[in-house]
Amino acid sequence: MRRVTVLTDFGVKDGFAAAVKGVLASQLPDVVVDDAGHGIPPGDVHAAMWALGRYWRLYPAGTVHLVVVDPGVGTSRRVLVVEADGRFVVAPDNGIVTRVLDEAAEWKAVAPPAPLGADRGMSATFHGRDVFAPLAARLAAGEELSALGSVTDDPVRLVEPKPIRQRSDIVGQVIATDRFGNLITNVPGEWVSSEDAIRIGERTLALSPTYGSVAVGEATAVVNSDGRLEIAVRGGSAASRLGAGVGVRVEVSRDLETRRRPRPGETLHVE
């Protein structure tokens, strides 16, 4: 079974996502197309990188992941096709594939010549339809990666800030938010425990096992499904409630002599 997933920032109102899927359907009538999502914030390559990282390896080998979040459409940015652990990614070369490259045991990439695509002419503003969808269809039809372009070993990668760990103290930061308003940090989940005090802004939180471990409206910290420390508000948005976003400092400490650790569900306001 030939399967293609589609992730874009096109939304669902204007027909852009359907145009991409129409190309796939016309070239491969029996292809299975899964909507990975079309709600990536416009042009947010970092958000697309995170979203792709959540699902790419869960699909079987042979799956083609088509990702179109392309603020550089029509410019000199490269087109990229990656084979990683038997799966394929077709995307603009703007860092979207960073997590795939970091997580894959083996990968190789080619940069197809541009433009490729539509028989009726090439749009400089809609490469999702005219470039990326035809490439995804060719891969799903069984065409070899080597036939699509020249080998490249330097795909663009997004640089993620690293957390600092000193003895029992950790300094990290928020690196992403999701649609629920959860604040995703760069602190690995295995670095924290229920003994830690987790501080963001003027709030000090305890680590909870689940979102539901605290009352509705309460802020807490959890280890999320990506294995990262996350700040959340049950039934609400941590980003809005705490006035925090990407780049905000997060501290983890076990220095309980100078800072009392809150109980799960309790928020301490630290002066």
Side-chain angles (χ1 to χ4, degrees), residues 7 9 11 37-55 69 95 98-99 158-271:
L7 177 70
D9 58 355
H38 302 293
I40 297 295
D44 193 336
V45 174
H46 194 273
M49 176 199 73
W50 272 95
L52 176 63
R54 291 191 177 100
Y55 66 83
V69 177
T98 300
R99 289 190 69 193
L158 299 179
V159 178
E160 183 178 290
K162 302 298 183 184
I164 299 171
R165 189 177 192 181
Q166 296 178 337
R167 298 181 181 178
S168 60
D169 293 331
I170 301 165
V171 177
Q173 63 179 269
V174 176
I175 57 173
T177 61
D178 63 21
R179 69 181 301 269
F180 299 102
N182 298 321
L183 302 170
I184 303 165
T185 80
N186 60 351
V187 178
E190 62 265 24
W191 286 16
V192 297
S193 77
S194 59
E195 299 301 314
D196 292 330
I198 300 158
R199 182 171 180 174
I200 179 169
E202 296 183 350
R203 303 284 187 111
T204 300
L205 308 169
L207 185 70
S208 297
T210 68
Y211 302 114
S213 299
V214 299
V216 173
E218 291 294 327
T220 191
V222 298
V223 176
N224 69 13
S225 60
D226 294 319
R228 303 291 185 108
L229 177 67
E230 175 181 290
I231 310 300
V233 168
R234 183 180 177 187
S237 166
S240 297
R241 180 71 60 83
L242 304 181
V246 173
V248 168
R249 180 184 177 100
V250 176
E251 301 175 6
V252 181
S253 176
R254 294 183 190 174
D255 186 2
L256 303 183
E257 293 181 0
T258 59
R259 184 184 302 154
R260 181 169 75 82
R261 182 176 63 84
R263 296 182 295 275
E266 176 188 17
T267 299
L268 297 183
H269 294 268
V270 179
E271 301 299 331

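The neighbour count for Arg54 CZ, taken as heavy atoms of other residues, nucleotides or ligands under 6.0 Å away, is above 12. Enclosure of atom CD in Glu190 by more than 12 non-hydrogen atoms of other residues, nucleotides or ligands within 6.0 angstrom is indicated.
When all heavy atoms of Ala51 and Leu7 are compared, the pair lying nearest together is CB-CD2, 3.9 Å. Among all heavy-atom pairs drawn from Pro41 and Asp9, the shortest one is O-CB, 3.9 Å. The shortest heavy-atom contact between Thr220 and Ala206 is OG1-O, 3.4 Å. Taking every heavy atom of both residues into account, Arg254 and Trp191 meet most closely at NH2-O, 4.1 Å. Here the shortest heavy-atom pairing between Leu229 and Ala221 reads CD1-CB, 4.0 Å.
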Worksheet item: Checking side chain to side chain contact (heavy atoms under 4.5 Å, CB included) for the pair Ile200/Val250: CA distance, chi angles, key distance, verdict?
Response: CA-CA 5 Å; Ile200 179 169; Val250 176; 4.1 Å; yes
Worksheet item: How far apart are the C-alpha atoms of Ile175 and Gln173, what are their side-chain angles, what is the distance that settles it, and do they pass the side chain to side chain contact (heavy atoms under 4.5 Å, CB included) test?
Response: CA-CA 6 Å; Ile175 57 173; Gln173 63 179 269; 4.2 Å; yes
Worksheet item: Can you list the steps and then say if Asp196 with Leu207 is a side chain to side chain contact (heavy atoms under 4.5 Å, CB included)?
Response: CA-CA 7 Å; Asp196 292 330; Leu207 185 70; 6.0 Å; no
Discussion item. Is there a side chain to side chain contact (heavy atoms under 4.5 Å, CB included) between Arg99 and Leu52? Walk through the geometry before answering.
Written reply: CA-CA 8 Å; Arg99 289 190 69 193; Leu52 176 63; over 6 Å; no
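How far CZ of Arg249 is from OG1 of Thr185: 13.0 Å, rounded to the nearest 0.5 Å. Note that OG of Ser237 and CG of Asp178 are 8.5 Å apart. Values are rounded to the nearest 0.5 Å. To the nearest 0.5 Å, the span separating CZ on Arg228 from CH2 on Trp50 amounts to 4.0 Å. Expressed to the nearest 0.5 Å, how far CG of Asp44 lies from OG1 of Thr177 amounts to 8.0 Å.
Side-chain contact check for Ile198 versus Ile231: some heavy-atom pair is nearer than 4.5 Å. Contact check for Arg234 versus Glu218: no side-chain heavy atoms found under the 4.5 Å cut-off. By the 4.5 Å heavy-atom criterion applied to side chains, Asn182 and Asn224 are not counted as neighbours.
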